[in-house]
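Numbering of residues begins at 1 and proceeds along the displayed sequence.
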Amino acid sequence: MKSVVSKVAVSVMLAASGWWLYQTPAVAFFGLEPTVNELPKNSASYSLLGPTNFPGISASDKTIAGIVEVGASKQQVDTEQSQIDQHRLYENRPQIGQQPLSSNEWQPESGAQEIQSATPLPTPALNISALSAEAGNRAGVYEASNIEVRSEDVNLEAAGGNHKPRVNPEVVKQLQAIVNQWTFSQDVPARYSLSLNGLFTDPEGDALTQQASINVAGLEVSGHNRLMIQGIPQSPVSTPVLRLAARDDYHGTSQAAWANVSLSLPAVEPRTDELLHPLEGETLYRLETTQLLAGVYYNYEVVYCEAWRFIDGIAYFAASESRTQCPLDAQLREIGYYNLADNNDLLLSSNAEGMRLQRWELKKEYPSALQPGVTNFFTTVYGHAGNETYTLQESKSAMEARLNVRTGEYVYQMREFDYLYPQANGQYVLGQVGNYIYDRSVMDDPYVVMDSDLNMQSWLTDLSCAQLLPYWQSNTLAGQGETGDIVSMSDNPWGENMDPIQCGETKHPDWQKEYLYMGLHYNDYDKFVPGEIYSYVLKPKPEFSHIVEEIKLNLHYHEPWPWPHK
């Protein structure tokens, strides 16, 4: 497996000697883009944030827009309104003019979520007068005339005496009053809940099929009698509408069979034109490790993905419960507040465990050499639980590639990713890193059976064990094997190598640059299982955690191809 470097790029590098290194934060990379190929070799983790177990301080719990549940008392409504007012005081942002946007006629069963529910349900009682005039009429009044409740959809009687579902006008008014309290802004996560109990009833008690949709790109509607409206609006919308519909099984599926309701939502405000910090505005993804994921405890660390978003002084967070995917935008929850320090560091304050006070230092923003169109944010996060350095990316698919490395089918099968290597003078050099697993028994190798090495390479300079090994504390590859857990570490259990990490060096055949590989040790009974995921973690020494990035990868093992492979 070999990688090819443009001879033109190499000539430029030689001509510009001394420029390939950079002192944070300035850098020049010359746009070198090596091909993504495998390269041959010379053949107790601390988690800054830990697992996502923190107190509930989500957007709904903070009552950003005062969700008012159907059936709430006046005291509950007043409490919600007080929280709304407090949040407005915190925002203190100027009003932004609405932009007109045309909307097409909504067709039930087209782009809507279909919901199965049973009726009838009791009609709840809610004292609408408990909502203050300001709360009910801010940013323009949404009157009952905005609601699509057609008489032919309510009382049309079918042949044989069966009636269509009916809409309760009082519940419609209650729901409209609730959604009037919501706020939406472009690129700002939103999450609201809405109970539909009593909205649709059927005179004969027929089971109902319900649908819900919203005309805002980036927002999703889910749920049944309790809807969840969540996500990140992608663009301004002057007239958002939440459309609800229900039908029974006795009147067909055409548009005339549906009882329809349209709730007018507050406008989606456009993002302001003010300059944002590079870490603000977009969802950022990073990798973390834990021993407890999705309720499953592992005897070793597994790698998973986290999502962060910083916008308008509010920090949002989500952690995946999958080892192969990053969280969706709709999963983001408010976890605290942030501001920018004089040196442009991002300061996070949160009540969530492990996140109370953090300082995010963006050391370098640079384009990926291995994932076209992707930007890397080389960032160190300082917190009371420890420090850790990450490569953050706005691309969900790019980060998920690190969770889904295919390996095992042939020797040195791996995928490389961008990596910044520290230099003795405090500078960094751009390179790549990758790992693989291979069962050499298919090659009748008398000395090695299971083989796995982390390759650390740069097409710009030589790398050596003497240079890089002092930064690292341990490396581990772990997962489920045929006879139990495989937990492979670099230290030699037979004492043949006294170093905590086994390190070797060889020369890249195309680049003619020295690079290093860090090996792992396996026992005879360590047999990898096709289809299993094996997490690799290279952990720096604590005193260097603010200098080098902890390397985290998930390797998906596949059955070796017959040897020799053609």
Shortest non-hydrogen contact from [X] toward [Y]:
| X | Y | value |
| --- | --- | --- |
| Tyr471 | Gln423 | OH-O, 4.2 Å |
| Leu516 | Cys465 | CD2-N, 3.8 Å |
| Arg309 | Gly281 | NH2-O, 2.8 Å |
| Ala267 | Pro240 | CA-CD, 3.8 Å |
| Arg323 | Ile533 | NH2-O, 3.4 Å |
| Arg359 | Leu347 | CG-CD2, 3.7 Å |

Donor-acceptor contact present, side-chain [X] to main-chain [Y], <3.5 Å:
| X | Y | answer |
| --- | --- | --- |
| Asn343 | Asp345 | yes |
| Tyr522 | Ser452 | no |
| Thr407 | Met414 | no |
| Glu549 | Tyr390 | no |
| Gln413 | Glu409 | yes |
| Gln371 | Ala398 | yes |
| His546 | Asn387 | no |
| Ser458 | Leu430 | yes |
| Gln331 | Leu328 | yes |
| Tyr428 | Ile547 | yes |

Can you tell me if [X] and [Y] form a side-chain donor-acceptor pair at under 3.5 Å?
| X | Y | result |
| --- | --- | --- |
| Ser322 | Ser320 | no |
| Tyr382 | Glu361 | yes |
| Thr391 | Asn376 | no |
| Arg406 | His558 | yes |
| Tyr517 | Gln457 | no |
| Asp418 | Ser368 | yes |

Does [X] reach the side chain of [Y], with side-chain heavy atoms less than 4.5 Å apart?
| X | Y | value |
| --- | --- | --- |
| Val433 | Tyr421 | yes |
| Gln502 | His521 | yes |
| Val429 | Leu420 | no |
| Met518 | Leu469 | yes |
| Asn475 | Val537 | no |
| Leu454 | Leu538 | yes |
| Glu288 | Val303 | no |
| Leu340 | Glu280 | yes |

**Prompt:** Hey, mind stepping through Tyr304 and Leu403 against side chain to side chain contact (heavy atoms under 4.5 Å, CB included) and telling me if it holds?
**Reply:** CA-CA 7 Å; Tyr304 70 100; Leu403 297 173; 5.7 Å; no
Any idea how [X] and [Y] line up, ring-wise: parallel (<30°), tilted (30 to 60°), or perpendicular (>60°)?
| X | Y | answer |
| --- | --- | --- |
| Trp459 | Trp511 | perpendicular |
| Tyr192 | Trp182 | parallel |
| Tyr436 | Tyr412 | perpendicular |

**Message:** Using ring centroids (six-membered ring only for Trp), state whether Trp360 and Phe310 fall under 6.0 Å.
**Reply:**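 Yes - the distance between ring centres of Phe310 and Trp360 falls below the 6.0 Å cut-off.
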**Request:** List the steps and the verdict of side chain to side chain contact (heavy atoms under 4.5 Å, CB included) for Leu276 and Glu282.
**Result:** CA-CA 10 Å; Leu276 297 178; Glu282 301 297 330; over 6 Å; no
**From Tyr285, Phe317, Phe377, Tyr316, residue fulfilling ring-ring contact (aromatic ring centres under 6.0 Å, His included) relative to Trp308** =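 With Trp308 as partner, Tyr285, Phe317, Phe377, Tyr316 yield a single ring-ring contact (aromatic ring centres under 6.0 Å, His included), made by Phe317.
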Supply the atom-to-atom distance [X] [atom1] to [Y] [atom2], rounded to the nearest 0.5 angstrom.
| X | Y | atom1 | atom2 | value |
| --- | --- | --- | --- | --- |
| Gln291 | Asn299 | CD | CG | 7.5 Å |
| Leu463 | Glu505 | CG | CD | 9.0 Å |
| Leu287 | Asn554 | CG | CG | 8.0 Å |
| Leu555 | Arg402 | CG | CZ | 13.0 Å |
| Asn339 | Leu346 | CG | CG | 7.5 Å |
| Thr375 | Glu394 | OG1 | CD | 6.5 Å |

**Request:** Would you sort out whether Glu400 and Gln325 count as a side chain to side chain contact (heavy atoms under 4.5 Å, CB included), showing the intermediate values?
**Result:** CA-CA 6 Å; Glu400 287 176 341; Gln325 295 179 322; 3.6 Å; yes
**Asked** Does the distance from a Lys or Arg side-chain N to an Asp or Glu carboxylate O, for Lys513 and Asp462, drop under 4.0 Å?
**Response**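 Judged by the 4.0 Å cut-off on N to carboxylate O distance, Lys513 and Asp462 do not form a salt bridge.
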**Request:** Determine which pairs satisfy disulfide bond (SG atoms under 2.5 Å apart) with at least one residue from residues 321-380, sequence neighbours left out, and list them in order.
**Result:**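 Output for this query lists Cys305-Cys326.
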**Prompt:** Of all residues at least two apart in sequence or in a different chain, which pass the side chain to side chain contact (heavy atoms under 4.5 Å, CB included) check with Glu532?
**Reply:**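 So Glu532 forms a side chain to side chain contact (heavy atoms under 4.5 Å, CB included) with Gln480, Val529, Tyr534.
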**Message:** Run the salt bridge (charged side-chain N to carboxylate O under 4.0 Å, His left out) test on Glu388 and Lys539 for me, step by step, so that the C-alpha distance in whole Å, both residues' side-chain angles and the decisive distance to 0.1 Å come before the verdict.
**Reply:** CA-CA 10 Å; Glu388 188 166 347; Lys539 199 172 296 297; over 6 Å; no
**Message:** Show, in sequence, the C-alpha distance, side-chain angles and deciding distance for Tyr419 and Val548, and conclude whether the side chain to side chain contact (heavy atoms under 4.5 Å, CB included) test is met.
**Reply:** CA-CA 9 Å; Tyr419 195 80; Val548 293; 4.0 Å; yes
